[in-house]
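Read the numbers this way: they start at 1 and go in the same order the structure lists the ligands and their atoms.
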Amino acid sequence: MTVDEHPSPEPDATLEAHGAVMQMVSGFWVSQIVRTAADFSLAEHLRDGPRTAEEIASRESADVSATFRLMRACVSVGLLAFEGEGFAGTPLLAVLHRDSPMSVKSFALAQTAPGHWLTWGRTSDAIRQGRSQSTEALGKSIFDYFAEHPQEGALFSAAMTDLSTPVILEAVKELDVTGAKTVVDVGGANGAFVLELLAAHPHLEGVVLELPHAVPGAEAEAKNRGLEDRLEGVAGDFFELVPEGDLYLLKYILHDWDDESCVRILRLCRQAMRPGARVTVVDMVIAEQDGGFAPLMDIAMLTMLSSRERTAAEFDSLFEQAGLRRVRTTELQAPYSMIEAVAV
Ligand SMILES: C[S@@+](CC[C@H](N)C(=O)[O-])C[C@H]1O[C@@H](n2cnc3c(N)ncnc32)[C@H](O)[C@@H]1O
């Protein structure tokens, strides 16, 4: 049905629906307000107690009146509360602190940085054409863009740690590493997954296979955690060569790629696997009729990378084509699952 053929007026249109959809549409204002709160380090400045807009503006070299207006808007979205003449942080603000164990600061900054922001602006074109719009928006794929904009690339790697931490903590508890010595984090960004596993199991050694621009981030994170002696950063391309190992971690990797590319990555893991080795995939598992978070990520994957979230059957098909067989699926916090596979 075209728009012109649509019956009008729409009988179900209510004031509540008007308000709810208005709120959805202005969601991007909120994204930018949260980004700016992170950019101006409000969580860090307010950690030890309330402060006035003048104090924040002076610390951040910003306009006083505009800073007041930003902070007032932060009250509207629940990050701040009015406190006397100034503002205090709420529990929501606490996770914008860079040192919070549950920090989402890098994620807030990365999602609103040009690589994602400009590409998301072309979502209608992504749906019309059924493919990513990063070339139109950025002139290249997002990973090539990050290689040319290393600061934004580093921010993305840190954002992946933010996004991943709760899921990693669960996965590490569930993952059986018996018999494994070398763990390869394939496209591991800052290595958050493998480093958490190394911390839990002192007999393990880790490798982060990453694009050259992302390897220093993994090495720095290993050093931060005092694990640099047990982690090797390998600059490479997982479409060309995957290092030998006993356990392969592919977290949020397969959802970045089309089926053919996924099979190629998995086949290279299969070829490099030592006897008895396993591949562990952590990704969302989507259902055909899914009304949760996974369909939103699915659109992000389409728009950014021409890729997708997959059903359990679609993962099985990838494994089969790569000479692997699924042996275990563990549901992590919805909609994530950990899927383990072995060589056929
Ligand atoms: C969505 S992120 C996932 C990062 C990490 N596994 C996690 O879950 O936090 C995808 C990662 O794959 C890396 N990557 C992309 N193409 C690659 C390639 N050809 N070879 C190696 N790494 C690659 C990116 O640099 C990025 O860090």
(request) Give the atoms of ligand 1, by number and element, whose distance to some non-hydrogen atom of Trp257 is under 4.0 Å. (result) 16 (N)

(request) For ligand 1, find out whether one of its N or O atoms is nearer than 3.5 Å to an N or O atom of Tyr252. (result) no

Structural part of [X] in contact with ligand 1, heavy atom criterion under 4.0 angstrom:
{"X": "Asp256", "result": "side chain"}
{"X": "Ala189", "result": "both"}
{"X": "Leu249", "result": "neither"}

(message) Suppose we screen for salt bridge (charged side-chain N to carboxylate O under 4.0 Å, His left out). Which residues come up paired with Glu54, at least two apart in sequence or across chains?
(response)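 With neighbours one apart ignored, the set is empty.
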
(request) Starting from atom 27 (O) of ligand 1, locate the nearest protein heavy atom and write down its residue, its atom name and how far away it is, to 0.1 Å. (result)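 Answer, as residue, atom name and distance: Glu210 OE2, 2.5 Å.
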
(request) Can you pull out the closest protein heavy atom to atom 17 (C) of ligand 1? Residue, atom name and distance to 0.1 Å, please. (result)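 Of every protein heavy atom, Phe238 CZ, 3.3 Å lies nearest to atom 17 (C) of ligand 1.
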
(request) Flag the pair Tyr252 / Phe193 as yes when their ring centroid distance falls below 6.0 Å, and as no otherwise. (result) no

(request) Output yes when Glu44 and Lys105 qualify as a salt bridge under the 4.0 Å nitrogen-oxygen rule, no when they do not. (result)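 Yes, Glu44 and Lys105 are salt-bridged.
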
(message) Does the residue Ser157 have a heavy-atom contact with ligand 1, meaning some pair of atoms that are separated by less than 4.0 Å?
(response) no

(message) Could you tell me if Thr329 and Arg326 have a donor-acceptor pair between their side chains, going purely by distance under 3.5 Å?
(response) yes

(request) Give the minimum heavy-atom separation between Val194 and Val208, together with the two atoms involved. (result)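 Smallest interatomic distance, heavy atoms only, reads CG1-CG2, 3.7 Å.
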
